[in-house]
Chemist: 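Provided herewith is a single structure, encoded as structure tokens, for subsequent inquiry.
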Amino acid sequence: MNTSTENQNQIMEEEGNLSALTTLVSNGRVDIRGRVADKQTTGGWRASPFIIVNEVAERLAFFGIAVNLGLYLVKEMHETIPTAATHVSDWVGAAYILTILGAFLADAYLGRFKTIVIFSCVYSVGLILMTLSASVDSLRPPLCTKRPCIQASDGQKAFFFGSLALVALGTGGIKPCVSSFGADQFDEADTKEVQRKFAFFNWFFFAINMGAFLAITVLVYVQLKKGFGWAFAIPTGVMFFSIIVLAVGVPFYRYQKPMGSPLTRFLQVIVASVRNHFNGVSVVPEAELYEVKTKESDIVGARKLPHTSQYSFFDKAAVITNPEINTKDRWRVCTITQVEEFKSIVRVLPIWASTIALAISFAQLSTFFLNQANIMDRKLGPHFEIPTGSVSVFAAMNGIILVPIYEKLIVPVFRKHTGNPRGMTSLQRIGVGLFVSISALVSAALVETKRRDEHSRALKTSVFWLLPQFFLVGSAEVFAYVGQLEFFYDEATDGTRSISSALFLSTIGIGSWINAAIVKIVVSATGGQEKGWLRNDLNKSRLDSFYWILTAINGVNFVVYVLAAVCYKGKGGISKGRVGNEAMFELCGSMKKKKNYKDDNGDDDGQFQSMML
């Protein structure tokens, strides 16, 4: 541990000791009565279990649909495999893109808790309609007895896809809020609670995988034995249960009051800085930039932010160009805090963009990985055959097993060597996840080549050959998903917690849409669904070539991510120390036109590059 890291740890410890002198939180969170929250009666692990149980239930419902959706579209709605795969990717993409809407409503008007409850109700309505679609014969086409199958009518499609849209909207409202709401239960100025927050993120991911595990095993079994009606009805009941569980914890939660629209504040910074730029305003010293004189910022419930020199163009928004200007008009002059809030979003965009490709790998779990499993030997002993939808359990189990191991064994070891309370930095975790996802796609391509070769010799490949690719994708999620949760929450400001979480979740949505687009492009460029690489019959397809394309995309993306992570400057104003190859920092500095590169958050770049290089 170097001197700067020791100094930073000492500062954090002193802040934690000061925070410990009072039982009231220092981050502005309130209890159910609107009073400043008391640590002795609210938050922490007193409140978090309700949120984690709620996440298990919600994820069980979501994955219960996801693992059965492709099969339902093919068997019940009579779609082709490529079309069904595209629709699954489109639905997942929409669900996660809509997180931006949910985050906006939470930060601006409703608060996170109310947003979760309202959109959970929307989610439940969508599930009820899906259950009706799978249970009422007139709401889906008749059973296919001969080819070509009778296609679903426009009305049947509208009813089913309308129900899917409501579920996607519900997901969009819940997902950006629930992880941030959980993190709100911990005071950042209390060093003990900070470490518990890191543990919360790990157990939150454990909850996601537990929900997925139950969906992949229990609900797939129910679908096989009882049909799709019951397979959709159970998630409906579970979703209602999740709302009840969340409501039970109401007296114990810490709440963040709505702070107004962050998107409006972002637009005000852009408009004011561009206007001043064209009016000839130059960048001025920090002392000449405008800030309110009060202790708190003028963003309701948000603390003031220190000025940073990065992206100094936007500082022009805080320059007073006329002594008689109305300083309350934020379209003409913004505060330093408002400008820094916008910068905190801008500076994470390179990391955000370079993690989108990761979602392309994840998209294969619910599409082509399952299509492979469906035509492989799934026998486990002489009397049992693994259901196709349950093959994904290999990935979910990996998350369930690795999270406790990582939290209880790996983190303490890494903590001793790095001095970092969480073992490794969030950017390091994301980088490991990106690298492992590339290995997963390489494995998938090699296994598919083997499967096609054995099929040509009238042999049937065991489904257990898919274990490595499922295991590796699951491992990639353990590292990358939690790393992204930590990174986007830590780098957010008081007024942008939900929108920052939505930004992270939108990578899953955009990645799913990109995956759907790649499928369409490959199908079109290689001869269509009858003669191309991706046909309705995988034995005549070239799925291995498709996987190699995805491998190349992820490989290039990994290089871009390493550069973005090495050059990343965080929101904090105190250096946490550098460890590693200084040549990379010289490269980074030259990329910034030899500008003096001062690390604002060594925790998330210096140690990352020492590990990756």
Chemist: Compare every heavy atom of D315 with every heavy atom of L289, then report the nearest pair and how far apart it is.
Modeler: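 Taking every non-hydrogen atom into account, CD2-O, 3.5 Å.
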Chemist: Can you confirm whether the side chains of S180 and S501 place a donor and an acceptor under 3.5 Å from each other?
Modeler: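 Yes, S501 and S180 have a side-chain donor paired with an acceptor closer than 3.5 Å.
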Chemist: Under a 3.5 Å threshold, yes or no: a donor from one side chain and an acceptor from the other, between R196 and S48?
Modeler: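 The answer is no; no qualifying pair exists.
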Chemist: Under the side-chain contact (heavy atoms from CB on, under 4.5 Å) rule, what do Y123 and E58 come out as? Steps first, then yes or no, please.
Modeler: CA-CA 9 Å; Y123 200 126; E58 189 277 327; 3.1 Å; yes
Chemist: Describe, in one word, how the ring planes of F204 and F200 are oriented to each other, choosing from parallel (under 30°), tilted (30 to 60°) and perpendicular (over 60°).
Modeler: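 Because their plane-to-plane angle lies in the 30° to 60° range, the rings of F204 and F200 count as tilted.
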Chemist: State which residues pass side-chain hydrogen bond (donor to acceptor under 3.5 Å, both in side chains) with S500; sequence neighbours excluded, sorted by chain then number.
Modeler: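 Scan of S500 (side-chain hydrogen bond (donor to acceptor under 3.5 Å, both in side chains), adjacent residues dropped) gives none.
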Chemist: Give, for atom CG of L263 and atom CD of Q268, the distance between the pair rounded to the nearest 0.5 Å.
Modeler: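 It comes to 11.0 Å.
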Chemist: Just by distance, with hydrogens left out, do T337 and E291 show a side-chain donor and acceptor under 3.5 Å apart?
Modeler: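 There is such a pair between these side chains.
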Chemist: Looking at every non-hydrogen atom in both residues, tell me the closest pair between G495 and P262 and how far apart they are.
Modeler: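 So the two residues come closest at O-CB, 3.9 Å.
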Chemist: What's the separation between atom OG1 in T99 and atom CD1 in I499, rounded to the nearest 0.5 Å?
Modeler: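 One gets 8.0 Å once the value is rounded to the nearest 0.5 Å.
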Chemist: Measuring from S354:OG to I430:CD1, what's the distance to the nearest 0.5 Å?
Modeler: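 Going from OG on S354 over to CD1 on I430, the span is 8.0 Å.
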Chemist: Judged by atom type as modelled, is there a donor-acceptor pair below 3.5 Å linking the side chain of Q428 to the main-chain atoms of T425?
Modeler: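 Yes.
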Chemist: Could you check whether any side-chain heavy atom of V92 comes within less than 4.5 Å of a side-chain heavy atom of Y96, counting everything from C-beta outward?
Modeler: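 The answer is yes; the side chains approach within 4.5 Å.
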Chemist: So, for Y568 and Y561, is the gap between ring centers shorter than 6.0 Å?
Modeler: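 So the answer is no for these two rings.
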Chemist: For the side chain of K343 and the backbone of Q310, is there at least one donor-acceptor N/O pair under 3.5 Å apart?
Modeler: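 Confirmed, K343 side chain pairs with Q310 backbone.
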Chemist: Any heavy-atom pair between the side chains of F342 and Y311 that's under 4.5 Å?
Modeler: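 Not touching, per the 4.5 Å side-chain cut-off.
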Chemist: Taking all atoms of both residues into account, what is the closest heavy-atom pair of K304 and S297, and its distance?
Modeler: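 Taking K304 first and S297 second, the nearest heavy atoms are CG-N, 3.7 Å.
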Chemist: Take atom CZ in R332; do more than 12 heavy atoms of anything else shown fall under 6.0 Å from it?
Modeler: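 No - once you tally the heavy atoms of other residues, nucleotides and ligands closer than 6.0 Å, there are 12 at most.
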Chemist: To the nearest 0.5 Å, what is the distance between OG1 (T355) and CG (L503)?
Modeler: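 So the OG1 of T355 and the CG of L503 are separated by 8.5 Å.
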Chemist: Return yes if some donor-acceptor pair links the side-chain N/O of N54 with the main-chain N/O of L246 below 3.5 Å, else return no.
Modeler: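 Pair absent, no side-chain N/O of N54 close to backbone of L246.
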Chemist: Minimum heavy-atom separation for F558 to G431, with atom names?
Modeler: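 It is CE1-O, 3.5 Å.
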Chemist: Is any side-chain heavy atom of F504 closer than 4.5 Å to one of V348?
Modeler: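 No, every pair of side-chain atoms sits at 4.5 Å or beyond.
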Chemist: Decide salt bridge (Lys or Arg N to Asp or Glu O under 4.0 Å) for D190 and K39; before the verdict, give the C-alpha distance in whole Å, the side-chain angles of both, and the deciding distance to 0.1 Å.
Modeler: CA-CA 10 Å; D190 187 321; K39 298 177 189 178; 3.1 Å; yes
Chemist: Is F181 close to T115 at the side-chain level, that is, under 4.5 Å between some pair of heavy atoms?
Modeler: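 T115 vs F181: side chains apart.
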Chemist: Under the side chain to side chain contact (heavy atoms under 4.5 Å, CB included) rule, collect the residues that match up with I243, sequence neighbours excluded.
Modeler: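 I243 satisfies side chain to side chain contact (heavy atoms under 4.5 Å, CB included) with S120, C121, S124 only.
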Chemist: List the steps and the verdict of side-chain contact (heavy atoms from CB on, under 4.5 Å) for W352 and S506.
Modeler: CA-CA 9 Å; W352 170 81; S506 70; 3.1 Å; yes
Chemist: Is it true that Y489 and F186 have ring centroids separated by less than 6.0 Å?
Modeler: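 Not under 6.0 Å, so no.
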Chemist: Report yes or no: does K114 contribute a side-chain atom to a donor-acceptor pair with the main-chain N or O of Y109 at less than 3.5 Å?
Modeler: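 Here the side-chain-to-backbone pair does not exist.
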Chemist: Go through the steps to decide whether I174 and M239 satisfy the test side-chain contact (heavy atoms from CB on, under 4.5 Å), and finish with yes or no.
Modeler: CA-CA 12 Å; I174 296 169; M239 195 63 212; 3.7 Å; yes
Chemist: Applying side-chain contact (heavy atoms from CB on, under 4.5 Å) to L127 and V238, what does each step give before you reach the verdict?
Modeler: CA-CA 10 Å; L127 287 171; V238 168; over 6 Å; no
Chemist: For Y290, is the OH atom crowded, meaning more than 12 foreign heavy atoms sit under 6.0 Å from it?
Modeler: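 It does: Y290 OH has more than 12 such atoms within range.
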Chemist: Any donor-acceptor pair under 3.5 Å linking the side chain of W203 with the backbone of I52?
Modeler: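 Such a contact is absent between W203 side chain and I52 backbone.
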Chemist: Check whether any side-chain heavy atom of E55 sits under 4.5 Å from a side-chain heavy atom of I208, and report yes or no.
Modeler: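 Yes, close enough: below the 4.5 Å cut-off.
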Chemist: Short question: side chain of K569, backbone of R347 - any donor-acceptor pair under 3.5 Å?
Modeler: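 No; zero donor-acceptor contacts below 3.5 Å.
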Chemist: Would you call D298 and R265 a salt bridge, using N to O less than 4.0 angstrom?
Modeler: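 Between R265 and D298 there is no salt bridge, as every charged N stays at least 4.0 Å from the carboxylate O atoms.
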Chemist: Is any side-chain heavy atom of I336 less than 4.5 Å from a side-chain heavy atom of L305?
Modeler: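 The answer is no, as the side chains (C-beta and beyond) never meet within the 4.5 Å cut-off.
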Chemist: State plainly whether the residues D184 and R497 are in salt-bridge range, i.e. N to O under 4.0 Å.
Modeler: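 Salt bridge flag = no for R497 with D184.
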Chemist: Just verifying a value: how many Å separate F314 CZ and F266 CZ, rounded to the nearest 0.5 Å?
Modeler: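 CZ of F266 is found 11.5 Å from CZ of F314.
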Chemist: So among T493, T335, T308, which one has a side chain to side chain donor-acceptor pair (under 3.5 Å) with E340?
Modeler: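 Running side chain to side chain donor-acceptor pair (under 3.5 Å) over T493, T335, T308 with E340 returns exactly one hit, T308.
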Chemist: Of the non-hydrogen atoms in A106 and C177, which two are nearest, and what is the gap between them?
Modeler: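 Looks like CB-SG, 3.5 Å.
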Chemist: Can you give me the closest heavy-atom contact between V333 and T327, atom names plus distance?
Modeler: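 Heavy atoms of V333 and T327 come nearest at CG1-CA, 3.6 Å.
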Chemist: Kindly indicate whether the side chain of R429, heavy atoms from C-beta on, has any atom under 4.5 Å from the side chain of V478.
Modeler: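 The answer is yes; the side chains approach within 4.5 Å.
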Chemist: Could you tell me how the ring of F113 sits relative to the ring of Y255: parallel (under 30°), tilted (30 to 60°) or perpendicular (over 60°)?
Modeler: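 Plane angle over 60°, so perpendicular.
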Chemist: Given 3.5 Å as the limit, does a donor-acceptor pair link the side chain of R112 with the main chain of G182, or not?
Modeler: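 No, because the side chain of R112 does not come within donor-acceptor range (under 3.5 Å) of the backbone of G182.
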Chemist: Under a 3.5 Å distance rule, please check whether T496 uses its side chain to pair with a backbone N or O of A492 as donor and acceptor.
Modeler: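 Here the side-chain-to-backbone pair does not exist.
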Chemist: Is it true that a side-chain atom of R35 and a backbone atom of I32 form a donor plus acceptor pair closer than 3.5 Å?
Modeler: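 Side chain of R35 to backbone of I32: no pair is present.
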Chemist: Going by heavy atoms in the side chains, are L267 and W331 under 4.5 Å from each other?
Modeler: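 Side chain of L267 against side chain of W331, heavy atoms only: contact under 4.5 Å found.
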Chemist: Which residues pass the side chain to side chain contact (heavy atoms under 4.5 Å, CB included) test with T42, not counting sequence neighbours?
Modeler: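 T42 satisfies side chain to side chain contact (heavy atoms under 4.5 Å, CB included) with D31, A37, R254 only.
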Chemist: Say you draw a straight line from CG of D38 to OG1 of T23; how long is it, rounded to the nearest 0.5 Å?
Modeler: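 Reported value, rounded in 0.5 Å steps: 3.5 Å.
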